[in-house]
Amino acid sequence: MKHWKRTGAIFLGVLFLIGIYYYVSLPAINVHAKGFWTFILSLLAVLLVIVAVRAMSGRNPRGNIAEDLRHVKEITGKKSVKCMLILFCAVFLFYIGGSILSSPIVNAKRYQKLLQPETGDFTEDVEQVNYNQIPLLDKDSAELLGNRKMGSMVDMVSQFEVSSIYSQINVKGRPVRVTPLVYASPIKWLTNQKQGIPAYITIDMATQNTELTKLSPGIRYSESEYFNRNIYRHLRFRYPTYIFDQLSFEIDDEGTPYWICPVKKFTIGLFGGQTIGKVVLCNAVTGECKSMPVEECPTWVDRVYPADLLIELYDYHGTLVHGFLNSVLGQKGCLKTTEGYNYLALDDDVWVYTGVTSVSGDRSNVGFVLINQRTRETRYYEVAGAEEYSAMESAEGQVQNLGYKATFPLLLNIADEPTYFIALKDNAGLVKKYAMVNIQKYQNVAIGDTVAACEQTYIKLLKAGGNAATDEQGAQKIEGAIQRIAQGVIEGNTHFYLVLEDSDLIFDVPLTDYMEVLRCDVGDKVSISYSPGEPVSTVLSLDVTGK
């Protein structure tokens, strides 16, 4: 009877430890999850120790090495210990073998085909710049604005902080970063968790407008919860077999907060060929979850495939083109993405942008790639030019006396030219100036206090270099009588601004380039070739045709 009581107590103790381990680490019950195998191996190791200890009961070390080794041999030779040891080794070897057989070492061709880029036409796929859709801020700048906004909310700042998530999404065609609040401390969680988190923050990346949206009821499922309402634990108990990738926080078109939870899919062996097979949408307020295939994901969702995963898949495509050994030794024809990436808003989706360079580590790009974070659609553009960090250094060199630092570039289409758009920040992290750098001719650097002023300078540089796209493809023409004329000074240079009859456009005419504007007056008829822009259009040629 004592033997069975002792065995039952040990069994219950093991079950208790298993429950605690599962509740804390939340492994997916799925053979494709490495955490599941770690869980199984840990359990087998505990059971092996228990069986071995029971087999050693009543045996004390005698201080004689030979005698003690004989006892160890006797113990390991016992059927129960031997079976547990064999089982542990078998599971461990199966795990190691599965890892090797799932790796690119033996599956290079399959890894290389996980992503299939299409060659695109940049001027057709990426529309010319719209200043209302340019994300002028990076994540660091968004965090400054978010913290500043939170600091002004006297009723919340003592209880809550701003999460560091800051997901970049599109909301009704505008680039926005959104992030929830979090409990400031465990004590603040204890006193506020009944009502939940009362708000989230949105930052318009084009206008820098920061809003705190209050919720009633509040967000009850988040990363800052501690027990069953913790979003990871909530998902695990709902979907015990799902292997989740990075979660993102988004809002739908009505402003309802959701957790977007991509589910990993492994297509090569046990652990290889990771993509995303499903996505779970979890209402952050109610906890209601909907699981669906990636293909059925609603269009308001912007981030299904994490950016890091997409970059990894493209690197497989570029480096394994001639097999695994070539990717390590000869590296013939191998390409990889450059360090760092940014986001581009196209067709109300968020696309990951990064340059493509050779594995030799030179400082030039052979092209760049855009990858849709919702559909995994991939477009490659063969445009040789400077890699991003060279362009950043070139922009910093123009303002080296001010000590501004460049952010990672954003890819824009300006006058049908692929162009790096760079924000320049001071030591406090505030954006002070903007730069535009031509990808193919990165010595062409334009600096401006505003985006419009920067573009005007940039187009002049392109025009001075005889850029055909600027002179012909990007230009539009208009004729009419001058309805209004005004004068201003920008960076010490005089500019005239013209408004024509029957037109809402404002035309910027730099005096240094078009001295004939001094002879113009209200009522004069002019013919203008210009590059469209907001709020003003840049004049490329000006002819006075009559009175």
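- With no hydrogens or angles considered, a side-chain donor-acceptor pair links Gln476 and Tyr530 at under 3.5 Å.
- With hydrogens and angles left out, the side-chain atoms of Glu387 and Ser390 include a donor and acceptor closer than 3.5 Å.
- The backbone N or O of Gln193 sits less than 3.5 Å from a side-chain atom of Arg229, completing a donor-acceptor pair.
- For the pair Arg233 and Phe227, the cation-pi criterion (under 6.0 Å, within 45° of the ring axis) is not fulfilled.
- At most 12 heavy atoms of other shown residues, nucleotides or ligands fall within 6.0 angstrom of atom CD in Glu339.
- For the 3.5 Å distance criterion, the side chains of Glu288 and Asn283 fail to qualify, holding no donor opposite an acceptor.
- In this structure a side-chain-to-backbone donor-acceptor pair under 3.5 Å is missing from Asn365 to Gly355.
- Proximity of the aromatic rings of Trp351 and Tyr341 is defined here by a centroid distance below 6.0 angstrom, and this criterion is not met.
- Checking Arg220 against Gln195 by side-chain atom types alone, no donor-acceptor pair falls below 3.5 Å.
- At least one donor-acceptor pair under 3.5 Å links the side chain of His234 to the backbone N or O of Gly287.
- Using cut-offs of 30° and 60° on the angle between ring planes, the pair Phe122 and Phe368 is perpendicular.
- Put simply, the side chain of Ser141 never gets that close to the backbone of Leu137: no donor and acceptor are under 3.5 Å apart.
- Within the 3.5 Å criterion, the main-chain N or O of Glu143 finds a donor-acceptor partner in the side chain of Asn147.
- Of the options Tyr420, Tyr404, Phe421, a ring-ring contact (aromatic ring centres under 6.0 Å, His included) to Tyr434 is made by Phe421 and by none of the others.
- A donor-acceptor pair shorter than 3.5 Å cannot be found between the side chains of Glu161 and Tyr183.
- With hydrogens and angles ignored, the 3.5 Å screen pairs a side-chain donor or acceptor of Ser152 with a backbone N or O of Lys149.
- Remark: the Tyr381 side chain and the Asp121 side chain contain no N/O donor-acceptor pair separated by less than 3.5 Å.
- Formation of a donor-acceptor pair under 3.5 Å by the Glu118 side chain with backbone atoms of Thr378 is not found in this model.
- Residues Asn230 and Glu223 have side chains that never bring a donor and an acceptor to within less than 3.5 angstrom of each other.
- Donor-acceptor pairing under 3.5 Å is recorded for the side chains of Ser291 and Tyr242.
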